[in-house]
**Student:** 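Sharing a structure with you now.
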Number of protein chains: 2
Amino acid sequence: MTVTDGQSMSDAAKDDDPMTGVKPDHAARVAELIDRLGRMTRELQYVDGLNPAQWEALRYLNRANRYSRTPGGVADFLGATKGTISQTVSALEAKGLIARTPSDRDKRVCLIDLTAEGERMIARDPVRCIETIVGGMDDRTAALMVDGLGRLMASLQFELGSKPFGVCAACCRHLAPEAGCKKSEAVPKCGMTGEPLQGDAPQRICVNYLGDAAE
Amino acid sequence: MTVTDGQSMSDAAKDDDPMTGVKPDHAARVAELIDRLGRMTRELQYVDGLNPAQWEALRYLNRANRYSRTPGGVADFLGATKGTISQTVSALEAKGLIARTPSDRDKRVCLIDLTAEGERMIARDPVRCIETIVGGMDDRTAALMVDGLGRLMASLQFELGSKPFGVCAACCRHLAPEAGCKKSEAVPKCGMTGEPLQGDAPQRICVNYLGDAAE
DNA sequence: TGCATAAAGTATCGAGGCGAAACCAATTTG
DNA sequence: CAAATTGGTTTCGCCTCGATACTTTATGCA
């Protein structure tokens with residue numbers, strides 16, 4: 001990386017700007033950075049014939065648990081309409097990255113799985129470069145960023161009135177059933193049908209990966 | 001805020017997930033969070049009849065210095081094409097938020113200023129809600145976030161091959177002329193014409209606000 | 001000086017994303 | 001069993017944005 005950060009506050013201890021001698025407004029800068037990073041991340045994802053929405057859907061489908069891998073789940077998670085997601089999903093299917101199979105439990109829903117091709121695509125996820133960059137930072141900074149960004153997102157989700165974590169909040173309850181489940185026990189999502197999650201489900205469960213807030 | 005964050009790591013000291021007992025991958029989570037926050041921030045900005053691009057342009061125009069407030073400056077900063085920006089700027093002008101005045105120095109360029117209406121609009125900037133949320137965090141976390149996100153952005157900009165800071169890198173040099181200026185002294189941008197920045201220019205100068213990396 | 005080239009902006013076109021609304025099928029509820 | 005709900009899809013149209021072509025002004029080179 002050749003971009004040497006002339007006057008960055010790498011040690012994060014300084015709290016006044018060497019340029020102006022003025023104490024910077026962290027909050028404003030975070031807002032600015034989030035905004036710009038979002039734009040760049042977006043741009044980053046016009047790769048391999050996919051668009052950002054498709055990448056995001058693919059990522060979600062890759063790590064959501066079995067009962068969350070439906071068009072509706074994607075829609076909830078991405079905060080988009082079902083119609084829009086239907087197109088996104090169709091696009092991914094047309095590219096051979098996912099496969100739709102109708103559920104036998106509820107004939108309205110269709111379960112989605114990544115194909116081998118899809119797995120291969122995920123391995124080339126462009127946002128992975130963010131991972132590597134962050135991976136190069138010290139662990140403490142990374143941890144604090146996770147914490148701060150996570151809280152920021154929870155607040156924003158509330159602000160926007162979107163479901164805290166889409167279908168994943170339900171997933172969370174499954175893992176901790178003693179927390180109580182408001183819906184009837186026949187809720188088809190998230191393994192709350194009583195059917196125990198088998199295989200890697202507990203690991204790949206969406207709630208842990210996608211956030212840690214439970215409504 | 002009603003979203004109580006069940007098992008968030010608010011103290012940022014825990015480094016293993018209470019759910020799985022597994023040490024989480026901070027880097028992956030940051031990537032995920034950036035991605036999702038970007039999407040939410042985007043959505044947040046469909047307000048007051050503006051779209052995200054228009055808000056971003058308006059924000060830039062609000063804080064860029066005099067010589068950076070041109071369509072080209074916006075294009076560089078936002079990483080969009082001139083054609084696209086021309087439309088964005090036209091839209092903002094049609095809404096009465098900005099005013100274009102041809103430069104007398106170079107008849108090709110047009111200087112842009114926010115109108116009173118534009119200032120009023122900026123005061124209602126929807127991303128300000130991010131500011132307030134972050135403002136509620138402890139200063140140390142906020143500072144570390146600024147640091148981490150700033151470095152992340154610098155790296156990403158390099159990755160994407162975009163100008164480190166658009167026209168603002170030049171601004172930076174103006175503020176620290178001893179750092180050397182590669183271009184001829186007649187560069188019309190950023191006050192490097194030799195004409196001293198007057199008034200609030202040093203404060204509102206873009207480089208400090210928009211980043212701290214100098215190529 | 002004069003011509004070629006570059007640069008700033010604008011206008012036009014077209015592709016594509018996305019929400020809205022209508023719709024279908026299956027399920028749940030009274 | 002009818003009515004209302006829910007998961008998904010389709011169609012339509014708006015709007016964003018990049019590509020391209022074009023105009024005007026600057027600059028560079030002989």
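Protein chains get the first letters and strands the later ones, always in sequence-line order, with residue 1 at the start of each.
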**Student:** Round to the nearest Å and state the distance from B/Leu111 atom CG to C/dA8 atom P.
**Tutor:** 14 Å

**Student:** In whole angstroms, how far is the P atom of C/dG9 from the CD1 atom of B/Ile112?
**Tutor:** 7 Å

**Student:** Check DNA chain C against residues 49-57 of chain A and give the residues with a non-hydrogen atom under 4.0 Å, in numerical order.
**Tutor:** A/Asn51, A/Ala53

**Student:** What is the distance, rounded to the nearest whole Å, between atom CZ of B/Arg105 and atom P of C/dA8?
**Tutor:** 15 Å

**Student:** Who pairs with A/Gln45 by side chain to side chain contact (heavy atoms under 4.5 Å, CB included), at least two apart in sequence or on another chain?
**Tutor:** A/Thr41, A/Pro52, A/Trp55, A/Glu56, A/Arg59, A/Pro126, A/Val127, B/Asp35

**Student:** Under a 4.0 Å threshold between the charged nitrogen and the carboxylate oxygen, would B/Glu117 count as salt-bridged to B/Arg120?
**Tutor:** yes

**Student:** Can you list everything that forms a salt bridge (Lys or Arg N to Asp or Glu O under 4.0 Å) with B/Arg128? Sequence neighbours excluded, please.
**Tutor:** none

**Student:** Using a cut-off of under 3.5 Å, enumerate the N/O to N/O pairs linking the protein to nucleotides 2-4 of chain D.
**Tutor:**
none

**Student:** Report the distance from atom NZ of A/Lys107 to atom C1' of C/dT27, rounded to the nearest whole Å.
**Tutor:** 10 Å

**Student:** Which comes earlier along DNA chain C counting from the 5' end, the contact point of A/Arg108 or that of A/Arg42, where each point is its nearest nucleotide?
**Tutor:** A/Arg42

**Student:** Please enumerate all residues that pass salt bridge (Lys or Arg N to Asp or Glu O under 4.0 Å) together with A/Arg42, with sequence neighbours excluded.
**Tutor:** none

**Student:** Could you list the protein-to-nucleotides 10-14 of chain C atom pairs, N/O on both sides, closer than 3.5 Å?
**Tutor:**
{"residue": "C/dT10", "atom": "OP1", "partner": "B/Arg100", "partner atom": "NH1", "Å": "2.6"}
{"residue": "C/dT10", "atom": "OP2", "partner": "B/Ser86", "partner atom": "OG", "Å": "3.2"}
{"residue": "C/dT10", "atom": "OP2", "partner": "B/Arg100", "partner atom": "NH1", "Å": "3.2"}

**Student:** Rounded to whole angstrom units, what separation is found between the CG atom of B/Leu78 and the C1' atom of D/dG18?
**Tutor:** 14 Å

**Student:** Send over the distance from B/Asp106 CG to D/dA26 C1', rounded to a whole Å.
**Tutor:** 6 Å

**Student:** Report the distance from atom OH of B/Tyr60 to atom CG of B/Asp76, rounding to the nearest 0.5 Å.
**Tutor:** 7.5 Å

**Student:** Please name all residues satisfying side chain to side chain donor-acceptor pair (under 3.5 Å) with B/Asp113, sequence neighbours left out, ordered by chain then number.
**Tutor:** B/Arg69

**Student:** How long is the line joining OH of B/Tyr46 and P of D/dC15, in whole Å?
**Tutor:** 11 Å

**Student:** Indicate yes or no for a side-chain donor-acceptor contact from B/Thr115 to the backbone of B/Gly96 under 3.5 Å, with no hydrogens or angles considered.
**Tutor:** yes

**Student:** Figure out the CD/P separation between A/Glu43 and D/dT16, and round it to whole Å.
**Tutor:** 18 Å

**Student:** List in chain and number order the residues that pass side chain to side chain contact (heavy atoms under 4.5 Å, CB included) with A/Gln54, two or more places apart in sequence or in another chain; answer none if no residue qualifies.
**Tutor:** A/Leu50, A/Asn51, A/Thr88, A/Ala91, A/Leu92, A/Lys95

**Student:** Using the test side chain to side chain donor-acceptor pair (under 3.5 Å), find all partners of B/Thr84 that sit at least two apart in sequence or belong to another chain.
**Tutor:** B/Thr81

**Student:** Scan residues 78-90 of chain B for pairs that pass salt bridge (Lys or Arg N to Asp or Glu O under 4.0 Å), counting only residues two or more places apart or in two chains.
**Tutor:** none

**Student:** In chain order, what residues pass the side chain to side chain donor-acceptor pair (under 3.5 Å) check against B/Ser90, with sequence neighbours excluded?
**Tutor:** B/Arg100

**Student:** Are any of A/Thr70's side-chain N or O atoms less than 4.0 Å away from OP1 or OP2 of D/dG7?
**Tutor:** no

